[in-house]
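Heads up: the structure comes next, in C-alpha cells.
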There are 2 protein chains.
Amino acid sequence: MKLAQPDLSPLDFFREYCRQHHLKVTPQRLAIYQELLKSPDHPSAEIIYERVKKSLPDISLDTVNRTLLTFARIGLIDTVEGYGEVRRFDPKTQRHHHFRCLSCGRIIDFEYEPYDALSIPESLQTTLTVLKKKVLLEGYCEQCRLKKHKVRP
Amino acid sequence: MKLAQPDLSPLDFFREYCRQHHLKVTPQRLAIYQELLKSPDHPSAEIIYERVKKSLPDISLDTVNRTLLTFARIGLIDTVEGYGEVRRFDPKTQRHHHFRCLSCGRIIDFEYEPYDALSIPESLQTTLTVLKKKVLLEGYCEQCRLKKHKVRP
DNA sequence: ATGTTTGCAAATAGTTTGCATCCAG
DNA sequence: CTGGATGCAAACTATTTGCAAACAT
C-alpha cells in the first residue's frame, strides 16, 4: 500500500499518497501533515491543533482528530503507544512479550528467550537508563487472518 | 521492589506484597486480584468490574479503577498498550523503535539494525501473521534519571 | 456538479476527584 | 482507634458523531 518512490519531495509524496488513497488534498490536511513532519516529539492531536492553528486559525480540533485518524488508517503516519483504546491490565509481570492483532485488537502473550536477551544499543546506554525491554509483534491473529478486516484504529 | 519468593500461594503472595507496600488487604482488592489472575485476556477496568460484581455486587467501578492503578503503581500488575495517555502520532513510518520514559512519558525514537532483524518465534508462525516488529524500551531519560520520580501512570 | 471534507455542537466514553462513611490493621 | 479505602456523584478530558455548509476534483 505504501508508495515505493521516496525520491519525491515530502509534499509531492503527500499529494501522490493522498491521490492513491482517494483523499482530497485540503489545506487542513496539508497543514497537519507538514506540521507532523516538523514534529519529532510524537505530538497529540491537541498539540498539533495548537500548532496548526497558527497558520490556519479557523481549523477545528475535530478536523485534526479526523485527519490524523485518516492518515493513520492509510498508513501515512503511525500511532504511538496508546492505540486509542482503553487501558488494559496484565497480571503477568514476568518477562513476556505481546502480539497484537491489528484487526480485532486481541493481545496474545508469548514468551521467547531470545527477546529477553536483546542487547541495548550502545548509543542509548550513555544517556538513558533502560529497565525493561518489550517486543510487540503486530499482524493478524488466526481468526482474523483470512477475513479482510480494516485496520485499527 | 518485587518479592523474590514465588513459592507462596498466589493469595499469600498477594497479602505479602500488599503488606510490603503498606496496602490494606480489602475484599475488593482481593477479588480484583483474583479475577485478574483468572483473566488471560488483558481485560479493561470495565470488564474486570463486570466480572468482580458477580462476587461483590456493591463494588464500584471507581474502586476497580483505583485499585488497578494502585496495583500497577506498585508493580503487582502491568498495563498493556494504551498507557492511559492520549493518543500520539508519529510521522515516521519507516522502521524504528521507541524508548519511553517511565517518569515523564517522553518517547524517543531510535534506529537499531539488530532489532529490525529479529526472528519470529516458530510457535507463533503457524497461527499468526506477523507484519510488524516493534521493540519498546522503558526506563528513565537523561532528565529524569536522577530525580526520583514516581512511575506512570 | 457532486461527493468529500469541514466546523460546529452535542453526545459519549473513560477516567479522575472530592468528600463523607466505613473498615482493616 | 485511626488512617487508608470505598462508594457515590460530579467534574473533566479525550474522542466521536450528526449535520448543514463549503470545497476539491
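Proteins come first, then strands; the chains are lettered A, B, ... in the order of their sequence lines, and each starts at number 1.
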Please check if the distance between the ring centroids of A:Phe14 and A:Tyr17 is under 6.0 Å. no

D:dT6 phosphate, OP1 or OP2, under 4.0 Å from B:Thr26 side-chain N/O: yes

Both A:Thr67 and B:Lys24 contact DNA chain C. Which one's nearest nucleotide lies toward the 5' end? A:Thr67

Can a salt bridge be assigned to the pair A:Asp116 and A:Lys134 using a cut-off of 4.0 Å between side-chain N and carboxylate O? no

Establish whether the base of C:dG25 is bridged to the side chain of B:Arg19 by a donor-acceptor pair shorter than 3.5 Å. no

Send over the distance from A:Arg88 CZ to C:dT15 P, rounded to a whole Å. 12 Å

In whole angstrom, what separates B:Leu23's CG from D:dG4's C1'? 10 Å

Roughly, in whole Å, what's the span from CZ in A:Phe89 to P in C:dG14? 13 Å

Residues in residues 28-65 of chain B with a heavy atom under 4.0 Å of DNA chain C, by number, are B:Asp62, B:Asn65

Would A:Ser119 and B:Tyr115 count as a side-chain hydrogen bond (donor to acceptor under 3.5 Å, both in side chains) here? Give the steps. CA-CA 9 Å; A:Ser119 65; B:Tyr115 288 176; 5.4 Å; no

Under 3.5 Å, is there a donor-acceptor pair linking the side chains of A:Arg51 and A:Ser39? yes

How many Å lie between CZ on A:Arg73 and P on D:dT15, as a whole number? 17 Å

Donor-acceptor pairs under 3.5 angstrom involving side-chain atoms of residues 26-36 of chain B: please list them, not counting sequence neighbours.
residue : atom : partner : partner atom : Å
B:Thr26 : OG1  : B:Arg29 : N            : 3.1
B:Arg29 : NH1  : B:Lys24 : O            : 2.9

Does OP1 or OP2 of C:dG14 have a side-chain N or O of B:Arg66 closer than 4.0 Å? no

Given side chains that start at C-beta, do those of B:Glu111 and B:Lys92 come closer than 4.5 Å, heavy atoms only? yes

Which whole-number value in Å describes the distance from A:Leu69 CG to C:dT4 C1'? 17 Å

